[in-house]
Amino acid sequence: MSQEPWEVGGRRSDEGQRSVPPQITASQARHATREFFCGLVPAPSQDRVESAILVVSELVANAFRHAGGVTGLHLAADRDVVEIAVRDPSPAFPRERSPDLDGYEGGFGWPLVRMLARNVTVRPSRNGGKVISAVLDR
């Protein structure tokens, strides 16, 4: 793929597409995702919307916790799938950790994202850092 997903001239013809400003918070990302889904016709099921919101929330939270923040969020949909792409400034790829059952150190988000998504890819960003893309069934 030659372009970042939020640049003009993306890689596929999408029914719906939305890029949001960098420096977005997890709360703002969840709100933007819900608004994005409200604009899709036909509307995905509530379960699909909630799964996508959970994936966005986890990816954004992980970017803040482990990668220095979010530098981009892109949402795209066609009739079959929804793609969520989060860009952050760290080149380090996510790694599996043992979940902390006491609730202090996390370790649940990355496995949850991989479980909910049809496909997850991590690749270096052209401008440094990385892009994590999760594709979910619509």
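Here the structure is a predicted model, which means the values were calculated and not measured. The analysis underlying the following values was restricted to heavy atoms, covering all of them including side chains, and did not include hydrogens, waters or symmetry mates. Residues take their numbers from the sequence shown, with the count starting at 1.
No side-chain donor-acceptor contact under 3.5 Å links Glu50 to the backbone of Asp47. Not one N or O on the side chain of Ser57 forms a donor-acceptor pair closer than 3.5 Å with the backbone of Ile53. Side chain of Lys130 to main chain of Val122: no donor-acceptor pair is present (N/O by atom type, distance under 3.5 Å, no hydrogens or angles).
Using a 4.0 Å cut-off between charged nitrogen and carboxylate oxygen, Asp80 and Arg138 do not count as a salt-bridge pair.
Looking at heavy atoms from C-beta onward, His66 lies out of side-chain contact with Ser90 at the 4.5 angstrom threshold. Looking at heavy atoms from C-beta onward, Ser133 lies out of side-chain contact with His74 at the 4.5 angstrom threshold. Thr121 places none of its side-chain heavy atoms less than 4.5 Å from the side chain of Ile132. Residues Ser51 and Leu136 form a side-chain contact, since some pair of their non-hydrogen atoms from C-beta on lies under 4.5 Å apart. The shortest distance between side-chain heavy atoms of Val70 and Arg87 does not fall below 4.5 Å. Proximity of Glu35 to Arg30: side-chain heavy atoms (C-beta onward) are nowhere separated by under 4.5 Å. Looking at Val135 and Ile84, their side chains never come closer than 4.5 Å, going by heavy atoms from C-beta outward. Within the 4.5 Å cutoff, the side chain of Arg118 has heavy atoms near those of the Val81 side chain.
Heavy-atom minimum distance, Val60 versus Thr25: CG1-C, 4.0 Å.
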Next item on the list: Begin with the C-alpha distance, continue with both residues' side-chain angles, and end with the deciding distance and a verdict on side-chain contact (heavy atoms from CB on, under 4.5 Å) for Leu75 and Val56.
Entry: CA-CA 9 Å; Leu75 305 165; Val56 165; 4.2 Å; yes
Next item on the list: Give the intermediate values and the outcome of side-chain contact (heavy atoms from CB on, under 4.5 Å) for residues Phe36 and Val49.
Entry: CA-CA 10 Å; Phe36 173 76; Val49 174; over 6 Å; no
Next item on the list: Apply the test side-chain contact (heavy atoms from CB on, under 4.5 Å) to residues Val131 and Asp88: give CA-CA distance (whole Å), side-chain angles for both, the deciding distance (0.1 Å), then the verdict.
Entry: CA-CA 7 Å; Val131 176; Asp88 68 51; over 6 Å; no
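Here the straight-line distance linking atom CG of Leu54 with atom CG of Leu112 works out to 4.5 Å at 0.5 Å rounding. Note: Phe64 CZ to Leu59 CG = 12.5 Å, rounded to the nearest 0.5 Å.
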